Amino acid sequence: MARVFKLGDGVSTDAIIPGRYNVTTDRDTLRRGCLVEARPDFGQNVQPGDVIVAGRNFGCGSSREHAPLAIKENGVAAVVAASFARIFYRNAVNIGLPVIRCDALHDFVEDGDDAEVDVARARVTVRGREFQGEAPSGVALRIIEAGSLIGMIREGGWAAVEEVSHVS
Amino acid sequence: MGTLAEEIFSRRLGRNVRAGDTVIADVDCALAHDVTGPLAIQAFQALEAPLWNADRVVFTFDHVMPANTVAAAELHQMIRAFAAEHGVRHLYAEGICHQVLVEKGFIRPGGIVVGADSHSTTYGALGCFATGLGSTDIGVVFATGKTWFRVPETLRIDVRGELPPGVSAKDVALHVVRIMGADGADYMAVEWGGEAVRAMPLDARLTLCNLSVDFGAKAGLVEPDEVTRAHAGEHFADVHPIQPSYASVLEVDASGIRPQVAVHPAIDNVHDIDDVAGTPLHEVFIGSCTNGRLDDLAVVAAVLQDRRVHDRTRTVIVPASRGVYLSALDAGYIDTFVRAGALVLNPGCGPCLGRQHGVVGAGENVLSTSNRNYPGRMGSPGARIYLASPAVAAASAVAGEIADPAEAR
């Protein structure tokens, strides 16, 4: 089971990793900076496989990719939010941090709840209740299938995106 | 046929594209700065591919310039080593990316530019489709010269009438954020128009497009006109909306806008100045990619001329670029600032990001002309950040509290 870290609406990338903690490319430094001021207990208690559940506009603000990296480096299984800011969502997909859009879960869930997350099906179960979220689609799905944007480009350049663009 | 965003993508791709289409497009140039650049370099290196075009890759040293820690110095070294290895010559340590790229002519009407910085939307002021991406996306652009876009729907904002004295583009933008909410234009392009926008000089238009991302927009755009032509010269392109179909249209009455203040803890917690006037201030920051340009500094100099900033209010002024700094020197503004007791710092991002040049402590109130007031943005999460125009900032620096610029005259 995964522990839920519940956050509110409008969690910015400044909250996820403040500007004083992201002047680095060192992954372990980023890991330690994750939510360091907004949720100081996160770093102390998080275990690989845990899940972040947030409200609207998660990851708004700065484009810093250090934010999804910091979350990923903590082994978080998925971020489930009512909605995501555009750049954060794209960054998370690019680096292979699972992101699920789900409106209903945030109101129901409480901090510290146990949750079961099925990333592939975008499904979260908490206290016996199942929530169906929305997994990435289109280009984002192709990137996820390749593991990361770098993986996708290394495998076949832009071919996978070209396929999607011809469908749309 | 289409919105300005659709027209730009259609021109670039040589076929008609519509909102909702997924496209792969060549970009004019790719920007990364001293904090996002190193991760972009790592992403590029992981591709094991040659650099697409050394002349179209731009690095700026602005977010921690000069370096204030060993870690920052090492990031700068990494970028310089990469540039030397690949023949990248566009390295700038003379101000904020979003001013420097405009000054150096990288931004052209009808173009497409991406940057590893969310405020890359700023470039839309010249009718260029520009958006912020993460470092990995930019690293892929370094290798391929392309990225993918979902062509966005457009929110058209018509600002009607004339702005009252003391009310600026910053107030218009904050007023719109108040209406739209922090995610109101998520995934959309915003097209700014109407008489009040047409009447704005370039600096003010850059402010509008800069703040577009702070209500969620993928791009902010102003249709090119004579103001654009005066800046773009031979690179001017007459690209404009043709029988556009907008997802929504917002009409704003310019004449009714009061000076606006975005109050801690959210960009969309916007109030008329009358609600917050009198709030004591420990710091005022004038600068940033939103409001650190010459027109902004001119407004500030007019207020600070023959006045002193309040004893309790350290006032930090940061010109957006060396070019702005030199013009401000020539105009006598810097002299005015220093005599008024303000601290004038080197061009760059200044204290906006809370890592240098005026970090704030718990319990402090700071009024900033920048674009973000998230808790912890400028230092301690226990500080309260208020965002406002240069006119409000200057009047408030003198008063030592949030003050209406109309009363400072």
Side-chain angles (χ1 to χ4, degrees), chain A residues 9-15 18-26 29-30 36-38 56-58 60-69 83-95 138-140 142-143 148-154 157-158 160-168, chain B residues 20-24 34-36 38-40 42-43 46-49 63-64 69 71-72 74-75 78 115-120 131-137 139-140 143-144 146 148 150 182-183 186-187 213-214 216 218 265-268 353-355 359 372 374-381:
Chain A
D9 290 330
V11 175
S12 69
T13 50
D14 276 282
R20 292 166 297 292
Y21 294 83
N22 79 331
V23 186
T24 182
T25 60
D26 179 65
T29 306
L30 294 176
V36 62
E37 289 171 352
R56 279 175 53 172
N57 208 20
F58 185 80
C60 57
S62 160
S63 68
R64 61 185 73 159
E65 200 166 293
H66 313 73
L69 271 174
S83 67
F84 291 89
R86 179 185 66 86
I87 303 175
F88 180 91
Y89 191 80
R90 185 161 164 150
N91 285 346
V93 167
N94 283 348
I95 65 162
V139 177
R142 297 304 181 98
I143 295 170
S148 66
L149 177 65
I150 298 298
M152 185 187 82
I153 297 290
R154 280 185 66 107
W158 288 108
V161 181
E162 275 162 15
E163 277 174 39
V164 174
S165 69
H166 291 144
V167 173
S168 71
Chain B
D21 289 354
T22 297
V23 301
I24 303 164
D34 42 2
V35 176
T36 59
L39 287 179
Q42 288 183 343
L47 289 168
E48 298 178 282
H63 283 61
V64 268
T69 61
E74 288 172 353
L75 293 187
M78 176 185 176
D117 188 280
S118 59
H119 287 109
S120 300
T131 196
L133 297 171
S135 294
T136 295
D137 271 313
V140 170
T144 67
K146 304 171 197 296
W148 71 274
R150 186 184 165 281
D183 59 353
D186 218 7
Y187 286 93
V213 71
D214 291 295
K218 185 188 282 190
I267 183 78
D268 54 3
L353 299 97
R355 13 176 121 93
V359 176
R372 291 195 168 137
Y374 304 126
R377 170 74 175 186
M378 297 182 70
S380 168

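Lettering of chains follows the sequences in order, A, B, ..., and the numbering in each one begins at 1. Keep in mind it's a predicted model, so treat the numbers as computed, not measured. The figures here come from the full heavy-atom set of this structure, side chains too, leaving out hydrogens, waters and symmetry mates.
When each of A/Asp9, A/Ile150, A/Ile153 is scored by its heavy-atom pairs under 4.5 Å with chain B, the top score falls to A/Ile150. Contacts with chain A were tallied for B/Val35, B/Asp137, B/Val64; B/Asp137 has the most, counting heavy-atom pairs under 4.5 Å. Ranked by heavy-atom pairs shorter than 4.5 Å toward chain A, the options B/Asp214, B/Asp186, B/Ile24 are led by B/Ile24. In terms of non-hydrogen atom pairs under 4.5 Å with chain A, the most contact-rich of B/Met378, B/Arg372, B/Met78 is B/Arg372. When A/Asn22, A/Asp26, A/Thr29 are compared by the number of non-hydrogen pairs under 4.5 Å with chain B, A/Asn22 comes out ahead. In terms of heavy-atom pairs under 4.5 angstrom with chain B, the leader among A/Pro68, A/Ser62, A/Ala38 is A/Ser62.
Residues meeting the salt bridge (Lys or Arg N to Asp or Glu O under 4.0 Å) test with B/Asp117, sequence neighbours left out: none. Residues satisfying the side-chain contact (heavy atoms from CB on, under 4.5 Å) test with A/Ile87, not counting sequence neighbours, are A/Ser63, A/Asn91, B/Ser118.
B/Gln42 places no side-chain N or O within 3.5 Å of a backbone atom of A/Thr25 that could act as its donor or acceptor partner. Side-chain atoms of A/Arg142 never come within 3.5 Å of backbone atoms of A/Val161 as a donor-acceptor pair (strictly under, hydrogens ignored). The main-chain N or O of A/Cys60 is never found under 3.5 Å from a side-chain atom of A/Asn57 such that the two would form a donor-acceptor pair.
With a 4.5 Å cut-off on non-hydrogen atoms, B/Ala182 touches chain A through its backbone and its side chain both. Residue A/Phe84 touches chain B through its backbone alone, counting heavy-atom pairs closer than 4.5 Å. When heavy atoms are compared at a cutoff of 4.5 Å, A/Thr24 approaches chain B solely by way of its backbone atoms N, CA, C and O. With a 4.5 Å cut-off on non-hydrogen atoms, B/Arg377 touches chain A through its backbone and its side chain both. Contacts between A/Leu30 and chain B at a heavy-atom distance below 4.5 Å are absent for every atom of the residue. Looking at A/Ser83, the atoms closer than 4.5 Å to chain B (heavy atoms on both sides) all sit in the side chain, from C-beta outward. Heavy-atom distances place both the backbone and the side chain of B/Leu353 under 4.5 Å from chain A. Contacts between B/Leu75 and chain A at a heavy-atom distance below 4.5 Å involve the side chain alone, from C-beta outward.
Across every non-hydrogen atom of B/Ala46 and A/Arg154, the tightest pair is O-NH1, 2.5 Å. For A/Arg20 against B/Gly376, the heavy-atom pair with the smallest separation is NH2-O, 3.3 Å.
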Does the side-chain contact (heavy atoms from CB on, under 4.5 Å) test come out yes or no for A/Asp14 and A/Arg64, once each step is laid out?
CA-CA 9 Å; A/Asp14 276 282; A/Arg64 61 185 73 159; 3.3 Å; yes
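To the nearest 0.5 Å, atoms CZ (A/Arg86) and CG (B/Asp183) are separated by 13.5 Å.
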